[in-house]
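Take a look at the structure below.
Sequential numbering from 1 along the given sequence is applied to the chain's residues.
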Amino acid sequence: MAEIIKVSFLGIAGVLLAVQFKGQKPEYGVYIGLAIGILIFAFCLRQVEAVLFQFEKIRDYLGGAESYLSILLRVIGITYICEFSAGICKDAGYQSVAGQIEILGKLAVMFAGLPILFTVIEQIQSFL
């Protein structure tokens, strides 16, 4: 909980600093926003270790179906990267580029999940 408060204050401080610069030098506001975003993203990556530990427990339950876990991790990674990139583009004023990144992310998640869909379809057909 304390980490979330620290990251929240870092984000708020970064935004207030960026707003101060945005009036005189708009590019500095973008650079500060990017730097704060990278710092927060780096903090999130440190938290991944705890998440991976929980995924090890899930892997034990899955037995031989570990490919599903790798698909889940891939989808989570795609989602975070696209959301982060789109947010930076929106802050810089490039909403159309951000929209394209979001569409790419949605398509990538859909394609990453296709093996699971095929497995479900095969299971349904085996019952028929």
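Between the CD1 atom in Ile12 and the CG atom in Leu17 there is a gap of 13.5 Å [rounded to 0.5 Å]. One distance of note links CD1 of Ile40 with OG of Ser8; it measures 8.0 Å at 0.5 Å rounding. With rounding to the nearest 0.5 Å, the separation of CG in Leu34 from CG in Leu39 is 9.5 Å. Annotation: the span from Ile88 atom CD1 to Phe41 atom CZ amounts to 9.5 Å, rounded to 0.5 Å.
A single hydrophobic cluster is not seen to contain both Ile101 and Tyr80; linkage of ILVMFWY side chains at heavy-atom distances under 4.5 Å, directly or through other members, places them apart. Under a hydrophobic clustering in which Ile, Leu, Val, Met, Phe, Trp and Tyr are joined whenever their side-chain heavy atoms come within less than 4.5 Å, directly or via other members, Phe111 and Ile103 fall into the same cluster. When hydrophobic clusters are built by joining Ile, Leu, Val, Met, Phe, Trp and Tyr residues whose side-chain heavy atoms come closer than 4.5 Å, directly or via intermediates, Phe118 is grouped together with Met110. Clustering ILVMFWY residues whenever any of their side-chain heavy atoms sit less than 4.5 angstrom apart, transitively, puts Val7 in a cluster other than the one holding Ile38. Grouping the Ile, Leu, Val, Met, Phe, Trp and Tyr side chains by contacts below 4.5 angstrom, directly or via other members, places Leu73 apart from Leu114.
Between Cys44 and Gln47 there is no side-chain heavy-atom pair separated by less than 4.5 Å. Using a 4.5 Å heavy-atom cutoff, the side chains of Ser70 and Arg74 are in contact. No side-chain heavy atom of Val15 sits under 4.5 Å from any side-chain heavy atom of Ile36.
Smallest separation of non-hydrogen atoms from Gly105 and Cys82: CA-SG, 3.4 Å. The two atoms that bring Gly113 and Ile71 nearest to each other are CA-CG2, 4.4 Å, heavy atoms only. Considering all non-hydrogen atoms of both residues, Ala86 and Ala98 come closest at O-CB, 3.4 Å. Here the shortest heavy-atom pairing between Gly14 and Ile32 reads O-CG2, 3.6 Å.
Applying the salt bridge (charged side-chain N to carboxylate O under 4.0 Å, His left out) test to every pair with at least one member in residues 97-111, sequence neighbours left out, gives these pairs: Lys90-Glu102.
The number of heavy-atom neighbours closer than 6.0 Å to CD of Gln24, taken from other residues, nucleotides and ligands shown, is 12 or below. By the 6.0 Å contact criterion, CZ on Phe84 is enclosed, its count of non-hydrogen atoms from other residues, nucleotides or ligands being greater than 12.
Below 30°, between 30° and 60°, or above 60°: for Tyr28 and Phe21 the angle between ring planes is above 60°, a perpendicular geometry.
Between Ile121 and the choices Thr119, Leu117, Ile124, the side-chain contact (heavy atoms from CB on, under 4.5 Å) rule is met once, by Leu117.
Every residue was checked against the ring pair (Phe, Tyr, Trp, His ring centres under 6.0 Å) condition with Phe43, not counting sequence neighbours, and none meets it.
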